[in-house]
Amino acid sequence: MDDQGYRRKSKPVAKLAFRDLELATLADAVPAGPGWVHEVKFDGYRTLTVIDDGAVTMYSRSGLDWTTKYAEIARRLKALKVRNAILDGEIVALNAHGASSFSKLKAELGAGRSEDLQYYLFDLLVLDDEDLTRQPLVERKRRLETLLATAEFENHIIYSEHFAEKANFLPHLCSLDMEGIVSKRGDSIYTGRRSKAWLKVKCHKRQEFVIVGFTESDHAGRGFRSLLLGYYEDGELQFAGKVGTGFNQDTLFDIRKKLDKLKAVPKPFKKLPPDVGPGTWVQPSMVCEVEFTEWTPEGRLRHPSFQGLREDKAATTIGRDKALPVEIAAKAAQAEVEVAAEKPKRRHPAAPLKPGKAGRVDVGGVSISHPDRIVFPDLGVTKLELVRYYEQIAERILPHVANRPLSLLRVPDNVDGQQFFQRHLPEHGGVPNVSDVKIPIKNRTEDYMKIEDARGLLSLVQWGGIEFHPWGCQADTPLLPDRMIFDLDPDPEAPWSSVIEGAAEVRDRMNEFGLISFLKTTGGKGLHVVVPIVPKFGWPAIKGFTKAVAESMAHDSPDRFIANMSKAKRKGRIFIDYLRNDLTSTAAAAFTVRARSGAGVSTPLNWSELKVSLKPSAFNLQTIFRRLKAQTSDPWADYFAVRQTLRPEILQALKLPIE
DNA sequence: GCGCTAA
DNA sequence: TTAGCGCAACGCAGT
DNA sequence: ACTGCG
Ligand SMILES: [Mn+2]
Ligand SMILES: [Mn+2]
């Protein structure tokens with residue numbers, strides 16, 4: 001009608017293809033209110049039609065091309081004068097009362113006939129290169145109605161009307177033999193997912209079940225006595241009961257034929273009520289529709305009646321339908337519609353990030369929520385102060401955490417509350433400025449986190465990250481560690497002097513191997529001695545070497561050091577923890593804050609500071625900058641300049657793999 | 001902190 | 001809508 | 001084989 005601009009503006013349009021359908025959520029009643037419109041629910045095949053450049057393709061709900069089954073409908077659709085379009089609707093066969101009949105539909109299609117079918121259309125996603133999916137439903141339907149009025153379809157292609165709220169609409173439709181109602185928010189967009197802005201309400205309790213087996217009939221000529229039904233819950237097959245009525249001669253015979261083709265399997269249920277009797281169990285692959293009056297308390301169907309086989313659903317997707325209380329559904333729908341409306345809000349370019357969320361602060365290009373949240377209750381340190389710490393320290397910490405696989409200790413509330421490690425990026429959502437890095441882990445590869453810059457660092461803090469635990473390797477050479485670490489873990493009873501001596505001894509032993517090492521506090525009670533190395537040898541070699549060093553120290557000073565992680569055996573000694581030296585093991589980074597009261601910071605030290613008077617607790621998020629400002633030189637200045645490696649002979653002597 | 005699922 | 005949940009995972013060591 | 005530890 002309006003703008004039928006045949007002259008294209010040189011825009012090469014991507015070929016239109018199948019896309020995921022909007023699916024309705026099952027509700028237990030029809031939602032009320034002016035925001036909702038209501039349509040008849042049909043009992044047929046959901047069908048998406050793509051018209052492109054004169055070609056009509058009709059897809060099933062799962063994207064299968066069923067055009068040839070619907071040849072007559074497809075032919076009629078060619079009467080539409082459009083360059084291209086995507087239409088959504090349901091293919092049905094009407095019975096004598098004008099209600100859609102699924103069994104009649106199957107009979108027609110089984111006979112290869114489509115000339116008596118109807119296609120009810122209720123949505124228009126694309127028209128003449130215009131994407132309508134973000135338009136409100138009522139607007140899409142208005143365009144659809146207008147479009148369908150431009151051609152004569154002899155009542156085979158029909159606009160599915162909607163109605164405003166009417167008292168007793170559902171009982172009325174049910175008395176007319178309809179399947180139910182689909183209620184839709186008039187202002188909802190087409191998301192292509194299951195949505196609560198579309199709610200379906202059924203007249204009868206009916207749903208699909210997996211056919212898990214059958215029982216034999218006493219009567220020759222009857223294909224079977226009943227079908228055994230199941231559904232999946234948490235990936236496990238559950239028994240739902242038997243259905244023995246609703247069949248006719250043809251369906252009995254046809255289904256038995258199909259069942260015989262399936263492989264017999266052992267009884268898939270642990271315990272079954274005895275009344276089920278002997279049955280033949282088959283591979284759970286066939287799906288059928290069953291109407292019933294209710295679920296018994298034992299979880300079985302009451303008065304089930306077979307309604308037909310369904311071929312458009314995979315067995316494993318069949319679960320027990322549970323209708324959502326309509327009040328909850330309606331609230332969720334409201335929220336969905338509001339969220340959808342918020343997204344393209346580019347009205348005021350000056351608007352702050354995350355409009356509608358007050359009190360956010362921008363730090364280094366990252367929007368920080370809840371800046372005043374107290375993260376360290378003992379010090380009263382807020383989230384914003386933590387963020388500012390990492391902003392200030394970014395230059396110093398980034399060389400230790402960027403471009404490597406990175407694990408994170410997250411604390412969404414405060415350090416006295418819940419804490420958890422995270423090393424994968426979440427499957428849904430994700431974090432801005434944080435990327436995936438693929439790491440091969442025993443014959444498969446997994447995705448871990450990586451950041452590259454201060455924005456990534458701050459994004460992780462916004463995400464609740466406090467402690468940064470980089471892996472001992474760079475992201476692009478994960479199998480070749482670029483540092484060794486000795487993590488000195490003192491027993492609570494161990495004298496501080498032993499820790500000091502332990503670190504000094506590690507340093508001296510490294511010197512004997514020609515290796516320069518670096519000292520830092522952990523932010524907690526221990527110390528770290530870190531040895532940067534050229535990525536050259538693999539983890540087994542490096543771990544084996546550090547283990548040998550730890551065991552040698554424990555051997556020489558069994559009163560002070562132990563190389564065994566057992567806490568019981570530690571008593572008053574230092575555990576020389578060499579186990580950090582493995583692919584998936586981590587250690588706290590230099591300059592990371594620890595998520596414990598005191599907000600200790602892992603602080604690089606000069607070896608000259610290694611004295612009993614050393615007080616690691618003096619270095620925390622509030623005090624560290626005083627120290628850094630007062631320093632005339634960086635004790636770790638050479639950390640990234642040192643290029644050193646273990647001599648292969650050493651590894652050989654330890655019978656460790658070289659390369 | 002945040003997205004998912006269930007109700 | 002709200003409530004509740006998960007958010008690492010592997011080798012070492014002791015039983 | 002199961003459990004605590006880092
Ligand atoms: Mn430690
Ligand atoms: Mn340790």
Side-chain angles (χ1 to χ4, degrees), chain A residues 25-28 31 193-194 196-197 199 233-234 319-339 354 357 360 366-371 373 375 383 386-387 405-414 417-432 434 439 441-442 444 446-449 458-467 469 471 485-491 522 524-526 528 539-540 543-544 546-547 550-551 562-570 574-588 594-595:
Chain A
T25 301
L26 183 64
D28 66 356
R193 295 189 308 268
R194 192 172 298 281
K196 294 187 182 65
L199 299 176
E233 193 170 80
D234 303 327
R320 179 169 164 174
D321 288 351
K322 288 209 203 94
L324 194 64
V326 69
E327 309 79 28
I328 293 168
K331 281 184 194 166
Q334 177 67 33
E336 277 184 29
V337 167
E338 280 170 11
V339 166
K354 309 272 177 183
K357 281 278 160 35
R360 295 183 78 109
V366 176
S367 171
I368 302 300
S369 65
H370 309 112
R373 198 185 86 221
V375 180
K383 182 177 174 194
L386 179 70
V387 170
L406 185 62
S407 297
L408 197 62
L409 186 66
R410 292 180 57 196
V411 180
D413 189 8
N414 69 60
Q418 194 203 15
Q419 310 192 347
F420 53 89
F421 267 91
Q422 179 119 9
R423 50 189 211 169
H424 303 293
L425 228 31
E427 220 165 290
H428 307 276
V431 184
V434 182
I439 306 289
I441 298 225
K442 12 198 207 185
R444 54 189 240 135
E446 294 214 53
D447 276 352
Y448 296 92
M449 277 185 285
L458 299 182
S459 294
L460 288 177
V461 181
Q462 157 56 22
W463 203 37
I466 295 185
E467 292 189 10
H469 294 243
W471 297 25
I485 185 164
F486 295 88
D487 170 23
L488 277 60
D489 286 340
D491 182 83
T522 62
K525 297 178 307 157
H528 284 166
W539 286 107
K543 184 179 182 182
T546 54
K547 178 181 188 193
E551 284 175 343
I562 182 167
N564 180 310
M565 76 187 301
S566 159
K567 212 154 192 175
K569 282 176 138 192
R570 200 169 300 179
I574 315 299
F575 171 40
I576 313 294
D577 182 358
Y578 64 91
L579 295 164
R580 309 300 89 226
N581 298 288
D582 208 346
L583 172 59
T584 57
S585 298
T586 60
R594 304 313 294 260

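Only heavy atoms go into these numbers, but all of them, side chains included; no hydrogens, no water, no symmetry mates. Chain A is the first sequence line, chain B the second, and so forth, proteins listed ahead of strands; every chain is numbered from 1.
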Can you tell me if [X] uses its side chain to pair, donor with acceptor, with the backbone of [Y] under 3.5 Å?
{"X": "A/Glu336", "Y": "A/Lys196", "result": "yes"}
{"X": "A/Asp577", "Y": "A/Leu488", "result": "no"}
{"X": "A/Glu467", "Y": "A/Ala595", "result": "yes"}
{"X": "A/Asp582", "Y": "A/Ser585", "result": "no"}

Could you work out which one of [options] sits closest to the side chain of [X]?
{"X": "A/Lys543", "options": "C/dA9, C/dC12, C/dC7", "value": "C/dC12"}
{"X": "A/Arg423", "options": "C/dA13, B/dC4, C/dA9", "value": "C/dA9"}
{"X": "A/Trp463", "options": "C/dA13, C/dA8, B/dC2", "value": "B/dC2"}
{"X": "A/Ile328", "options": "C/dA9, B/dA7, C/dA13", "value": "B/dA7"}
{"X": "A/Phe420", "options": "C/dC7, C/dA8, C/dC10", "value": "C/dC7"}

Near-ring test A/His424/A/Tyr448, centroid separation under 6.0 angstrom: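 Under 6.0 Å, so yes.
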A/Lys547 vs C/dG11: side-chain N/O to OP1/OP2 distance below 4.0 Å: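 For C/dG11, neither OP1 nor OP2 has a side-chain N or O of A/Lys547 closer than 4.0 Å.
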Side-chain N,O (A/Gln422) to OP1/OP2 (C/dG6) below 4.0 Å: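 Answer no for this pair, as no side-chain N or O of A/Gln422 is under 4.0 Å from OP1 or OP2.
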Most 5' of A/Leu579 and A/Thr586 on DNA chain C, judged by nearest nucleotide: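 The answer here is A/Thr586.
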Atom P, compared across C/dA8 and B/dG3: separation rounded to whole Å: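 Going atom to atom, P in each nucleotide, I get 16 Å.
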Interatomic distance at C1', C/dA9 relative to D/dT3, whole Å: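 Approximately 15 Å lies between the C1' atom of C/dA9 and that of D/dT3.
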Length of the [atom1]-[atom2] vector between [X] and [N], whole Å:
{"X": "A/Trp539", "N": "C/dG11", "atom1": "CH2", "atom2": "P", "value": "14 Å"}
{"X": "A/His424", "N": "C/dA9", "atom1": "NE2", "atom2": "C1'", "value": "8 Å"}
{"X": "A/Leu425", "N": "B/dG3", "atom1": "CG", "atom2": "C1'", "value": "13 Å"}
{"X": "A/Asp413", "N": "C/dC7", "atom1": "CG", "atom2": "P", "value": "20 Å"}
{"X": "A/Asn564", "N": "C/dA13", "atom1": "CG", "atom2": "C1'", "value": "6 Å"}
{"X": "A/His469", "N": "C/dC7", "atom1": "NE2", "atom2": "P", "value": "18 Å"}
{"X": "A/Asp447", "N": "C/dC7", "atom1": "CG", "atom2": "P", "value": "16 Å"}
{"X": "A/Phe421", "N": "C/dA9", "atom1": "CZ", "atom2": "P", "value": "12 Å"}

Donor on one side chain, acceptor on other, A/Ser369 and A/Gln462, under 3.5 Å: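 Looking only at side-chain atoms, A/Gln462 and A/Ser369 do form a donor-acceptor pair, the distance falling under 3.5 Å.
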Residues A/Trp471 and A/Thr584: side-chain donor-acceptor under 3.5 angstrom: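 Per modelled atom types, A/Trp471 and A/Thr584 side chains form no pair under 3.5 Å.
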Pairs under 3.5 Å (N/O, protein and nucleotides 4-6 of chain D):
| residue | atom | partner | partner atom | Å |
| --- | --- | --- | --- | --- |
| D/dG6 | OP1 | A/Lys567 | NZ | 2.8 |
| D/dG6 | O3' | A/Asp577 | OD2 | 3.4 |

Watson-Crick or G-U counterpart of D/dA1, or none if no pair lies under 3.5 Å: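 Paired with C/dT15.
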Sugar-phosphate only, base, or nothing, as touched by A/Gln462 at under 4.0 Å among non-hydrogen atoms: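 The residue A/Gln462 makes sugar-phosphate contact but no base contact.
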Sugar-phosphate, base or nothing in reach of A/Ser369, heavy atoms under 4.0 Å: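 Sugar-phosphate only.
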CG-CH2 distance between A/Leu583 and A/Trp539, expressed to the nearest 0.5 angstrom: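 Output value for this atom pair is 6.5 Å.
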Presence of donor-acceptor pair under 3.5 Å, side chain of A/Gln418 and base of C/dC7: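 Such a pair exists between side chain and base.
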